[in-house]
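Read the numbers this way: they start at 1 and go in the same order the structure lists the ligands and their atoms.
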Amino acid sequence: VDEVTLPPLFDAHVHLRDGRMLEIVAPYTDRCCSRCVIMPNTQPPLDTPLRLVSYRQAVAHSLTRTQPLYTFKISLEQTQHLNWLSQFQSLGAIAGKLYPEGVTTNSAHTGISRDVLLSLDRQTNPLRPLLAEMERLGLVLCLHGELPGEFCLDRESAFLEVVDELLALFPSLRIVLEHITTVDAVRYVTSHAAKDDRLACTLTLHHLLLTLDHVVGDALDPHSFCKPVAKAPEDREALVRLALADFSQVFLGSDSAPHLCSSKEHQGCAGIFSAPVLVERLVQFFEEYDALALLPDFAVRRAEHFYRLPSLDLPPLVLVRRPFLVPETIQGIRPFGAGETLPWTLHQE
Ligand SMILES: [Zn+2]
């Protein structure tokens, strides 16, 4: 085949940032997505209704085609303002994002410590009223699933017991375990989700392609560094098998997370800016496994289903087999696969 058509993507996890960065990066999501779930770890974070109000205005200026779906950043302060949760919802938030303290970009000072996460069984746990209200409102809980205090490569596996507790305590709360990276998480999701349709997970593009060797195997490559960090070859292989499986509770969340090159090279910020190559590289990946027919389910339909949103009747994306040279930088940000030539080009009007 020399031409592929597919519905515009549902990116269930993207960082559009704010300010100037938002203006630079949003067009890359806008060109290929029907919807996107926007993460709330801006600075300041989207953790009060007022902040979400002004962020919505900024996003509305930057996205012309993609329907933005908002999230709020869960904070312990919200326990004192449970009415905020319905306000978030009326402002277009479909989910709350839980960041354990210190595990990724802008996640310091959330108050959601290891102790809080490991004591959910106690009535006095400060997260419980908040999660109960999210459950009541039908807001989805999106999890950055890494347990603080563990060795970095073990944090995701150690977090799975927290997921167990959450599923048991909140019987109608829907949960997305975001950007999973390990064999353990794949096993957990496939075994639990098969019997419980409240649990889903997202996969990024870059975790299907990278292992820890890309980050530190040869010379240190800050541009391949993200959280959770890419793991062992057998972990990546398990993620690939999951992406290619006909399994309704796994879908695309790119976790495209731009930083200026200077921040990545000097401060070691975590995050990979994949939006500029997202659809091209996904088509390449699924074609390599002779699985293009599965791509609309993985990258669009299952997320619509999980988030209970109707399919949109939009003109399809058209990709043609023509070399696409990924730029080295885009206004000071290095895209995923910079400098590579990819086989598929998105046809744009
Ligand atoms: Zn993320």
Side-chain angles (χ1 to χ4, degrees), residues 9-18 21-22 25-26 28-29 33 35-47 55 59 66 68-75 93-108 110 112 140-148 152 155-156 159 163 175-182 185 189 200-210 215 222-231 239 250-260 263-264 267-278 282 299 303 306-307 333-336:
L9 310 182
F10 187 134
D11 186 350
H13 183 133
V14 66
H15 299 266
L16 293 185
R17 310 302 192 203
D18 48 13
M21 183 71 97
L22 168 67
V25 305
Y28 294 95
T29 293
C33 293
R35 293 185 173 106
C36 65
V37 180
I38 305 172
M39 290 296 124
N41 60 337
T42 48
Q43 268 183 321
L46 307 178
D47 59 359
Y55 189 64
V59 169
T66 309
L69 302 166
Y70 294 95
T71 60
F72 59 92
K73 186 176 171 186
I74 293 175
S75 78
I94 57 166
K97 174 79 185 284
L98 187 147
Y99 290 96
E101 190 151 276
V103 290
T104 191
T105 303
N106 303 341
S107 67
T110 63
I112 302 171
V140 168
L141 173 64
C142 296
L143 296 171
H144 182 111
E146 291 193 290
L147 189 63
C152 64
R155 283 176 200 164
E156 184 175 278
F159 189 83
V163 184
I175 296 176
V176 182
L177 192 52
E178 300 287 345
H179 44 54
I180 64 169
T181 60
T182 56
V189 169
C201 71
T202 53
L203 291 178
T204 73
L205 167 67
H206 51 272
H207 287 117
L208 295 173
L209 302 170
L210 301 180
V215 190
H223 298 288
S224 296
F225 175 60
C226 60
K227 294 284 185 76
V229 72
K231 306 285 190 315
L239 301 176
V250 53
F251 42 84
L252 172 69
S254 72
D255 200 15
S256 182
H259 292 281
L260 290 173
S263 309
K264 287 200 67 71
Q267 283 108 49
C269 291
I272 289 178
F273 181 38
S274 59
V277 299
L278 184 62
L282 278 172
F306 186 84
Y307 278 107
I333 312 161
R334 192 170 167 86
F336 186 51

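Shown here are the salt bridge (charged side-chain N to carboxylate O under 4.0 Å, His left out) partners of Arg35, two or more places apart in sequence or in another chain: Glu304.
Of all non-hydrogen atoms in His13 and Glu178, the two that sit nearest each other are ND1-OE1, 2.9 Å.
The nearest N, O or S atom of Asp255 is closer to the Zn ion (ligand 1) than 2.8 Å. For residue His13, an N/O/S atom approaches the Zn ion (ligand 1) to within less than 2.8 Å.
A donor-acceptor contact closer than 3.5 angstrom links the side chains of His259 and Arg17.
Open room surrounds OH on Tyr28; 12 or fewer heavy atoms of other groups in view lie less than 6.0 Å from it.
Within His15, NE2 is the N, O or S atom that lies nearest to the Zn ion (ligand 1).
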